[in-house]
Number of protein chains: 2
Amino acid sequence: MYSIQDVSKKTGLSAHTLRFYEKEGLLTHVERSPGGFRQYTDEDLEALGLICCLKNTGMSLQEITRFVALTHEGEQTLKERVELLRKHRENMIARMAEMQKYLDKVTWKVNFFSEKLRAYEEKKQKGEG
Amino acid sequence: MYSIQDVSKKTGLSAHTLRFYEKEGLLTHVERSPGGFRQYTDEDLEALGLICCLKNTGMSLQEITRFVALTHEGEQTLKERVELLRKHRENMIARMAEMQKYLDKVTWKVNFFSEKLRAYEEKKQKGEG
DNA sequence: TATTGACTTAGAGTAAACTTTAAGGATTAA
DNA sequence: TTAATCCTTAAAGTTTACTCTAAGTCAATA
C-alpha cells in the first residue's frame with residue numbers, strides 16, 4: 001500500500017495530478033484507509049504505468065479515459081480495446097518513422113553548420129596570424 | 001514566388017499561422033509585392049521546412065525564434081547555433097529511445113490482449129455450440 | 001499532543017500554440 | 001470589372017493538461 005506521496009515520488013506525477021486523474025476517470029477505484037486516505041496498490045501502479053506510457057506517446061487523456069472505461073466493462077470490450085491499442089501502436093510507429101526522418105535532417109544540418117564553423121574559425125585564425 | 005495561400009497548401013500551416021510566425025520572428029523578412037502582398041521564395045520554404053522540423057520534434061517556438069535570431073546575427077553565432085542543434089539532436093535521440101521502450105510495452109500489451117480476446121472468442125464459440 | 005499530511009469541493013490561473021473575429025480597406029487575376 | 005484574395009491591428013477565444021488556492025475538517029505519526 002502506498003500513500004499519495006509515495007506514488008507521486010514513484011511516478012513523477014504530483015499528488016494534485018493523481019487526484020485530477022482519478023476525478024477524470026483515468027485511474028479509478030483507488031482504495032481508502034479507514035480514515036479516507038488513498039491507498040494505492042501495486043496494481044494501481046501498473047495501471048499508472050500504462051497510463052503514462054499512452055500519455056507520453058501522444059494519446060490524449062480523453063482517449064485514455066475511454067480505454068480505462070472499456071476495461072471496466074469487461075471481456076466483451078476486449079475487441080475494441082485491442083483495436084484501440086493496435087491503432088495507437090500504428091500511430092507510434094508512424095511517428096517514430098517521422099522522427100527518424102527529422103533526425104536525419106537535423107544531423108545533416110549539424111554537419112553542415114559544423115563545417116561552416118570550422119571554415120569560419122580557420123579564417124579567423126588566418127586573419128589573426 | 002508563392003502567395004500566402006500557396007505556402008499554406010505546401011506546408012499545411014494556415015495563412016493565419018504564417019502571419020503569426022512572422023510576427024513572432026520565426027520567419028522574417030518575407031518579401032512583398034508592390035501592393036504589399038507577401039511573396040514567399042523557395043528559400044522561405046526551406047526555412048519553413050527547418051522550422052517545422054524543429055517544431056515537430058519538440059522545440060518550442062521561443063527556442064526556434066532564438067535560433068532564427070542567431071542566424072540573422074551572422075557567422076559569429078555559428079558556434080552557438082551548432083551547439084543548439086547538437087543539443088536538440090541529443091534530445092531527439094533520447095526521445096526516440098524512450099519511444100522505442102514504450103513501443104515494446106504497447107506491443108506486449110497488444111499481444112496480451114489479443115490472446116485474451118482469442119480465448120474469449122473461443123469460450124463464446126463453445127458456449128454457443 | 002503537536003505536527004505533518006490527507007481529505008473535500010469548487011473554481012481560478014497558467015502555458016503554449018494557435019485560431020478566430022472584427023472592421024475596413026487595398027490588390028490581383030480572370 | 002468583379003470576385004477572390006490579401007492587408008492591417010488588436011484583442012478575445014480555444015484546447016489540453018495540468019497547477020494552485022481557499023477554507024475547513026480529519027487522520028496519522030512521533
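Worth knowing before you read on, the calculation uses all heavy atoms, side chains too, and leaves out hydrogens, waters and symmetry mates. Sequence lines set the chain letters: A, B, ... in the order given, protein chains first and strands last, and positions in each chain run from 1.
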S.K.: Between B:Gln5 and D:dC6, is there a contact of a side-chain N or O with OP1 or OP2 at under 4.0 Å?
M.R.: yes
S.K.: Counting side-chain heavy atoms from CB outward, which of C:dA6, C:dT27, D:dC18 is closest to A:Phe37?
M.R.: C:dA6
S.K.: Closest to the B:Arg19 side chain: D:dT8, C:dT27, D:dT21?
M.R.: D:dT8
S.K.: Does D:dT16 have OP1 or OP2 sitting under 4.0 Å from an N or O in the side chain of A:Lys55?
M.R.: no
S.K.: Can you tell me if the side-chain N/O atoms of A:Ser33 get under 4.0 Å from OP1 or OP2 in C:dA6?
M.R.: no
S.K.: What's the CZ-P distance between B:Arg32 and D:dT5, to the nearest Å?
M.R.: 19 Å
S.K.: Which is more 5' along DNA chain C, the nucleotide nearest B:Leu13 or the one nearest B:Gly35? Just name the residue.
M.R.: B:Leu13
S.K.: Between B:Glu83 and B:Arg89, is there a salt bridge with N-O shorter than 4.0 Å?
M.R.: no
S.K.: Just wondering, are more than 12 heavy atoms of other shown residues or ligands nearer than 6.0 Å to CD in B:Glu31?
M.R.: no
S.K.: Using a strict threshold of under 4.0 Å (side-chain N to carboxylate O), is an ion pair present between B:Glu121 and A:Lys79?
M.R.: no
S.K.: Is the phosphate of C:dT28 approached by B:Ser3 (side-chain N or O, under 4.0 Å from OP1 or OP2)?
M.R.: no
S.K.: Taking OP1 and OP2 of D:dA17, is either one under 4.0 Å from a side-chain nitrogen or oxygen of A:Tyr21?
M.R.: no
S.K.: In whole Å, what is the span from the NE2 atom of A:His16 to the P atom of C:dT14?
M.R.: 15 Å
S.K.: Considering residues, nucleotides and ligands other than B:Arg95, do more than 12 of their heavy atoms fall under 6.0 Å from its CZ?
M.R.: yes
S.K.: Taking only side-chain nitrogens and oxygens of B:Arg38, does any of them come within less than 4.0 Å of OP1 or OP2 of C:dT28?
M.R.: no
S.K.: Of all the choices, D:dA17, D:dT19, C:dT21, which nucleotide is nearest to the side chain of A:Ser14 once you look at every atom?
M.R.: D:dT19
S.K.: Let me know the distance between CD of A:Glu63 and P of D:dT16, rounded to the nearest Å.
M.R.: 10 Å
S.K.: Nearest whole Å is fine: how far is C:dC7 C1' from A:Gln39 CD?
M.R.: 13 Å
S.K.: Could you say whether B:Lys23 or B:Ile4 is positioned toward the 5' end of DNA chain D, judged by the nucleotide with the nearest heavy atom to each?
M.R.: B:Ile4
S.K.: Calculate the interatomic distance between B:Met59 atom CE and C:dA16 atom P; express it in whole Å.
M.R.: 15 Å
S.K.: Nearest of D:dA27, D:dC18, C:dT19 to any side-chain atom of B:Thr17?
M.R.: C:dT19
S.K.: What's the CZ-C1' distance between A:Phe20 and D:dT19, to the nearest Å?
M.R.: 10 Å
S.K.: If you count heavy atoms of other groups shown closer than 6.0 angstrom to CD of B:Glu98, is the number above 12?
M.R.: yes
S.K.: Report the distance from atom CD of B:Gln62 to atom P of C:dC18, rounded to the nearest whole Å.
M.R.: 14 Å
S.K.: Figure out the NZ/P separation between B:Lys9 and D:dC6, and round it to whole Å.
M.R.: 8 Å
